[in-house]
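First comes the structure, then the notes that go with it.
The basis for the numbers below is simple: all heavy atoms, side chains too, and nothing from hydrogens, waters or symmetry mates.
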Amino acid sequence: MKRKYKNLCKPIKIGNVTFRNRMFSAPMSGAEITPECTIGSKSTAFYELRAKGGAAAVTVSELMVHPPTDASHAYHLNTQTVGSVASFTYTADAIKRHGAVASVEFSHSGQYAGTYLLDKSRKEAMTQYGPSEGTRPDGLPVTPLTRTQIKEIVQSYYDNAKLAKLCGFEMIMVHGGHGWLINQFLSPYFNHRTDEYGGSLENRVRFAREALAAVREAVGPGFPIEFRMSGSEMFDGGYGLDEGVRIAQAVEDLVDLFHVSAGSYKFGFSITHPSMFREHGCNVFLAEEIKKHVSKPVATVGGLNDPKMMDELIGSGRVDAVVMGRALLADPELPNKVMENREDEIVRCLRCFVCMAERGATQTRRCSVNPLIGREWEGMDLLPARKKKKVLIVGGGVAGLEAAVTAARRGHDVTLCEKSDSLGGILKCEQAIDFKHEMYELGITLERQARLEGVKIRLNTEVTAEYAEQENADAVIIAVGSSPIVPPLPGIDGENVVIVNDYYKEKEKVKGDEVIVLGGGLAGCESAIHLARDGKKVHLIEMRKELAPDANIRHRPILLKELEEQKVVCHMGYQGLRVTEEGVFCMADGQEVMVPGSSVICAVGQRARADVAEKLLDSAPVVKRIGDCIRPANICMAVYQGYHAAMDI
């Protein structure tokens, strides 16, 4: 077989271990941490799914090596906690039985202790330890570690490495980046010590070397040690790439694989985890430069999900391997699909941050495009339905397509009817916005999957009650979506107004250098950013006092910062009165004012097509409503409802 992406698919030997390909699963927090800080069964299944999907290595995250000075609610590995060693052993087994290398990440939060505590108020009662005395950005004081404590922490790296190897792990990742403790010692911003652990680079790297040496002593020669580092801290006062190279060189003799990331906790979340506003592969240059100066293999990470790009990175010699996190949440089968030349079936990560937002908001693990995440323990394979049924899907948006694909995979006879001449629903609107193009591609991918699964697709077909009755389906899933809200303002029907849903079809109507976006929700804010990037002076009008309240807690701060950087003029507390060719007249603080702009994008929200859905409620013995026709929400909700509606039939 000729593999299309031969560089990605090629095995690599690191230490004495051979990895089946060059696609590694990044350390990601699992779905469950028990009260005893062990790996729960849900998390074991979470990690196993990526191994089953073909990743060469799967890294469990995060094992906090020294609870007395860290106390974060993450994994602990010790013989004193009942179930600890067993949970790590079962997890390593679950990863290895699918041919992946089981790895575990060793971390210490340092002055960011408490990051993973469910009760955030407990951080204030904890001692925050770091290299030097100081104050955290949130005002909590930092206590410098003593030499005795440093020696205890180094010993804990040794103890945990011994146990991890005993449990069956075949590689250990030492986390030395992102502002955690090792990085705090490396960083001139955090480290102001005057002893042998501070000052010169040789001194600042001493703690990292001692930790790595302790791990090596515990695991022996040939056992792979991966060092995760920030190639550059990417903020004023931190170290840059030149010093990142010197750090790599200073520890190279103790490391088998460099895992080069970027940025620092609290100083660049969207750099460490590139947002949709940043280019794919934006951090590759860090790994590429470090690779020029070391002899050990180097891996890159950050927003990578395109097989062609990743294959070229390896083929050109810029890096030796790629590490993916969110991409393997969106599609755990990505490595298998690459190996089997099925790259056109990959469900791409949207970089929407639902996975990380839910982690912080609800302590769960979710993914917008993969409803199995967090529920892997319920079963990783779709089981056939007990009885084959005739299923009619009404609506070809993301909810309807997900339902159709899932129902067909379970063996049902599925027909999907779409009123318009193409599938994708509201996702079609995203094709005109470059940083949201993967949302548009999601519709294309789901359509491709539906056709591969044998779903009968009927375009330009409106389903009425009479049509549904003639179909005589056993089950009908209604996914007719929503329609844009158009406020009854004078002039809103003018030639200079484009409804946001139609922007991809009517871009030429947006004329002039100064434009207005009416509506400051998520869709309006992202439209404003797009237009500003396109060279327009953008005015954003919002009647509320806050922007994008419908954005998740991870995406929203990045979105607001992007609005600021793109110099979008935000008019808060402005209520639209009428639209003219010169702009939009608004009421603000009791005064009538005009916001100038020759073109207007109307993005004030969506309304459920509940009236259409209600007409079909008696169209089959089993009828289910899903997606925006219940209540306009987001892709995540549409995918989840589509998947589970099909699972219930």
Side-chain angles (χ1 to χ4, degrees), residues 1-28 46-61 92-105 168-173 222-228 255-261 280-281 284 287-288 291 296-349 370 380:
M1 174 182 174
K2 184 177 180 180
R3 302 195 192 276
K4 185 173 181 179
Y5 300 106
K6 60 181 181 180
N7 300 305
L8 271 179
C9 299
K10 187 166 50 178
I12 182 172
K13 188 174 183 180
I14 301 172
N16 287 338
V17 175
T18 298
F19 296 72
R20 58 185 171 186
N21 58 53
R22 305 294 179 100
M23 294 170 280
F24 288 30
S25 178
M28 293 180 285
F46 171 83
Y47 294 117
E48 182 177 0
L49 182 60
R50 256 140 300 287
K52 187 177 180 182
V58 176
T59 302
V60 173
S61 172
D93 285 347
I95 293 169
K96 292 190 297 183
R97 68 179 170 219
H98 298 287
V101 171
S103 176
V104 58
E105 179 184 40
F169 285 91
E170 301 164 309
M171 181 164 70
I172 290 173
M173 174 189 288
F223 188 101
I225 297 176
E226 180 179 3
F227 186 58
R228 190 184 204 192
V255 171
D256 298 295
L257 173 66
F258 285 101
H259 171 137
V260 182
S261 185
H280 290 285
V284 169
E288 180 181 6
K291 180 171 168 56
K296 301 293 177 62
V298 175
T300 188
V301 68
L304 298 167
N305 66 4
D306 178 24
K308 182 179 180 181
M309 172 188 281
M310 294 186 289
D311 193 72
E312 288 176 351
L313 289 176
I314 296 169
S316 62
R318 296 170 68 187
V319 298
D320 299 291
V322 294
V323 184
M324 292 171 280
R326 290 171 289 171
L328 298 185
L329 284 178
D331 194 341
E333 285 282 325
L334 186 155
N336 281 342
K337 290 176 180 178
V338 169
M339 296 286 287
E340 297 166 12
N341 295 341
R342 296 190 293 126
E343 73 281 355
D344 59 346
E345 297 177 41
I346 293 172
V347 179
R348 302 289 182 93
C349 167
N370 187 350
M380 299 182 195

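Note that CG of N370 is 15.0 Å distant from CZ of R326, once rounded to the nearest 0.5 Å. Atom CG of residue L334 and atom CE of residue M339 lie 12.0 Å apart, to the nearest 0.5 angstrom. If you take CE on M380 and NZ on K52, they are separated by 6.5 Å, rounding to the nearest 0.5 Å. Here CE of M28 is found 4.5 Å from CZ of R50. Values are rounded to the nearest 0.5 Å. Note that the NZ atom of K96 and the CD atom of E170 stand 5.0 Å from one another [nearest 0.5 Å]. Taking CD1 of I225 as the start and OG of S103 as the end, the distance is 10.5 Å to the nearest 0.5 Å.
Looking at heavy atoms from C-beta onward, F46 lies in side-chain contact with L329 at the 4.5 angstrom threshold. Counting heavy atoms from C-beta on, the side chains of M310 and R22 never come closer than 4.5 Å. Between I95 and V60, the closest side-chain pair of non-hydrogen atoms falls below 4.5 Å. Counting heavy atoms from C-beta on, the side chains of M171 and F19 come closer than 4.5 Å. Two residues are said to be in side-chain contact when any heavy atoms from C-beta on lie closer than 4.5 Å; S261 and V323 fail this criterion. Side chains of P224 and L257 form no contact here, defined as non-hydrogen atoms less than 4.5 Å apart. With contacts defined as side-chain heavy-atom distances shorter than 4.5 Å, the pair M23/V322 qualifies. Taking the side chain as every heavy atom from C-beta outward, D306 and H280 never approach each other to under 4.5 Å.
Formation of a donor-acceptor pair under 3.5 Å by the Y47 side chain with backbone atoms of A92 is not found in this model.
Donor-acceptor pairing under 3.5 Å is lacking for the side chains of E105 and T59.
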Identify each donor-acceptor pair in which a side-chain atom of residues 4-12 lies under 3.5 Å from a protein atom, sequence neighbours left out, and give them as a table.
unit_1	atom_1	unit_2	atom_2	d
K4	NZ	E343	OE2	2.8
N7	ND2	D311	O	3.4
N7	ND2	D311	OD2	3.1

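The aromatic rings of F227 and F258 stand perpendicular to each other, their planes meeting at an angle above 60°, with 30° marking the opposite boundary.
Across D256 and G15, no two heavy atoms sit closer than the pair OD1-CA, 4.2 Å. For A321 against F24, the heavy-atom pair with the smallest separation is CB-CE1, 4.4 Å. Shown here for G54 and N21, the closest heavy-atom pair between the two residues is O-ND2, 2.9 Å. Pairing each heavy atom of R20 with each of A51, the nearest pair is NH2-O, 2.8 Å. Taking every heavy atom of both residues into account, P27 and H259 meet most closely at CD-CE1, 4.2 Å. The two residues L328 and A55 come nearest to each other via the heavy atoms CD1-CB, 4.3 Å.
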Side chain to side chain contact (heavy atoms under 4.5 Å, CB included) evaluation trace for I346 with N305: CA-CA 9 Å; I346 293 172; N305 66 4; over 6 Å; no
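In this structure K291 satisfies the side-chain hydrogen bond (donor to acceptor under 3.5 Å, both in side chains) test together with D320, sequence neighbours excluded.
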